[in-house]
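See below for the structure under consideration.
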Protein chains: 2
Amino acid sequence: MAATHPPHVHALLYEAYLRVSDVVFEGAKAMDARVRPSHAAVFFHMEHEGIRLGRLAEKAQMTPQAMGELVDDLEEFGYLRRVPDPTDRRAKLIVFTEEGDAALRTGYKIIDDVERRMAGLLGEEGFGDLHRMLTRIITYF
Amino acid sequence: MAATHPPHVHALLYEAYLRVSDVVFEGAKAMDARVRPSHAAVFFHMEHEGIRLGRLAEKAQMTPQAMGELVDDLEEFGYLRRVPDPTDRRAKLIVFTEEGDAALRTGYKIIDDVERRMAGLLGEEGFGDLHRMLTRIITYF
DNA sequence: CCATTTGATAAGGTAGCATTAATATAATGC
DNA sequence: GCATTATATTAATGCTACCTTATCAAATGG
């Protein structure tokens, strides 16, 4: 650092996120090398009943165009399908394929593993405290 | 979320970082709208005595080419200058201008403010715990 | 003193978004 | 029952923040 300070919590939040993410994305890459970190937003905000592109984009806080590209990829990879929305012929519903559903479950397994590793490292109490403090920061900042 | 879970700490780390960063970068933008978040890495890893491009890139974990562009920008904005390195005529030393030095100090003031806000929100003890837990995650992950 | 290494930089490419604009369908007011 | 306006998606294009490859000049080690 240009000035000598103990690292700011701001910087630590970033570093910690990067480390944990690395582990998660390594796990994901081992499952399917075509999937990139940006695709995670799709899985994260999907809905099993099917979801429209616009709503998916909104939940992920990006434009429908950007989300459209991610969905294009995952459709190509065989994880999603676009089916016509019966209630509105302009719209399409994005739904999981069998494989997409399996991939989602695998993804959560990878994340749950990492969460358990963190809990082991910090102790259940510390892990709970961390959860609460981060939630508090998110709520009030 | 596609499945209903309490948010993972992994996700919370990301969210918290984004919230805190927003505040920091809003503050920075208010000072100089030309400066972008990516320029922060330069200020963060600069050294007052002057530093070579290669070393700056190494510290920031990016290629010299990428760092070169950031330094180009900040040189244009008047915060940095490239001076010949007297010990090696291939090399240049990147040094702060007066304005760059002032900007660095302002930047740290903005961050320190945010850190104090977090400490206020969590209490000194909680803030210290957060600091230690994040450091622990970074060290052992 | 020449071969190799090192420092900077130029040219061109890619991922992950955004903005603007086109197209199709739907809903609404009169 | 149009004409207007709104909404869902997609296409074209652009920008930021990087990377890779290639070039050139200066330094260094046998």
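What you see is a predicted model; the values in this text were computed from it and never measured. Labels below follow one simple rule: chain letters A, B, ... track the order of the sequence lines, proteins then strands, and each chain is numbered from 1.
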Check ion pair [X]-[Y] (N to O, under 4.0 angstrom):
{"X": "B:Arg132", "Y": "B:Asp129", "result": "yes"}
{"X": "B:Glu47", "Y": "B:Lys59", "result": "yes"}
{"X": "B:Asp113", "Y": "B:Arg116", "result": "yes"}
{"X": "B:Arg36", "Y": "B:Asp73", "result": "yes"}

In whole angstrom, what separates [X]'s [atom1] from [N]'s [atom2]?
{"X": "A:Asp88", "N": "C:dA24", "atom1": "CG", "atom2": "C1'", "answer": "11 Å"}
{"X": "A:Gln61", "N": "C:dC17", "atom1": "CD", "atom2": "P", "answer": "12 Å"}
{"X": "A:Asp85", "N": "D:dT9", "atom1": "CG", "atom2": "P", "answer": "8 Å"}
{"X": "B:Glu69", "N": "C:dA10", "atom1": "CD", "atom2": "C1'", "answer": "10 Å"}

Requested in this report: Select from B:Ala66 and A:Ile94 the residue whose nearest nucleotide in DNA chain D is closer to the 5' end of that strand.
Outcome: A:Ile94

Query raised in the report: Looking for any heavy atom pair under 4.0 Å, which part of the strands does A:Gly54 touch: base, sugar-phosphate only, or nothing?
Result: sugar-phosphate

Query raised in the report: At under 4.0 Å between heavy atoms, what does B:Arg82 touch on the DNA or RNA strands: base, sugar-phosphate, or nothing?
Result: sugar-phosphate

Respond yes when some side-chain nitrogen or oxygen of [X] is under 4.0 Å from OP1 or OP2 of [N], and no when none is.
{"X": "A:Arg89", "N": "C:dA24", "result": "no"}
{"X": "A:Arg36", "N": "C:dG16", "result": "yes"}
{"X": "A:Ser38", "N": "C:dG16", "result": "yes"}

Report task. Could you check if a side-chain atom of A:Phe77 sits within less than 4.5 angstrom of a side-chain atom of A:Glu99, using non-hydrogen atoms only? Result -> no

Query raised in the report: Of B:Arg55 and A:Leu70, whose closest DNA chain C nucleotide lies nearer the 5' terminus?
Result: B:Arg55

Query - Trace of the salt bridge (charged side-chain N to carboxylate O under 4.0 Å, His left out) decision for B:Glu75 with B:Arg81 - result: CA-CA 6 Å; B:Glu75 194 169 19; B:Arg81 261 187 1 240; over 6 Å; no

Requested in this report: Measure from the ring center of B:Tyr14 to the ring center of A:Tyr17 and say whether it is less than 6.0 Å.
Outcome: yes

Scan nucleotides 21-24 of chain D against the protein and return all N/O pairs shorter than 3.5 Å with their distances rounded to 0.1 Å.
from   : atom 1 : to      : atom 2 : distance (Å)
D:dT21 : O4     : B:Gln65 : NE2    : 2.6

Query raised in the report: Is there a donor on the side chain of A:Arg90 or the base of D:dA8 sitting less than 3.5 Å from an acceptor on the other?
Result: no

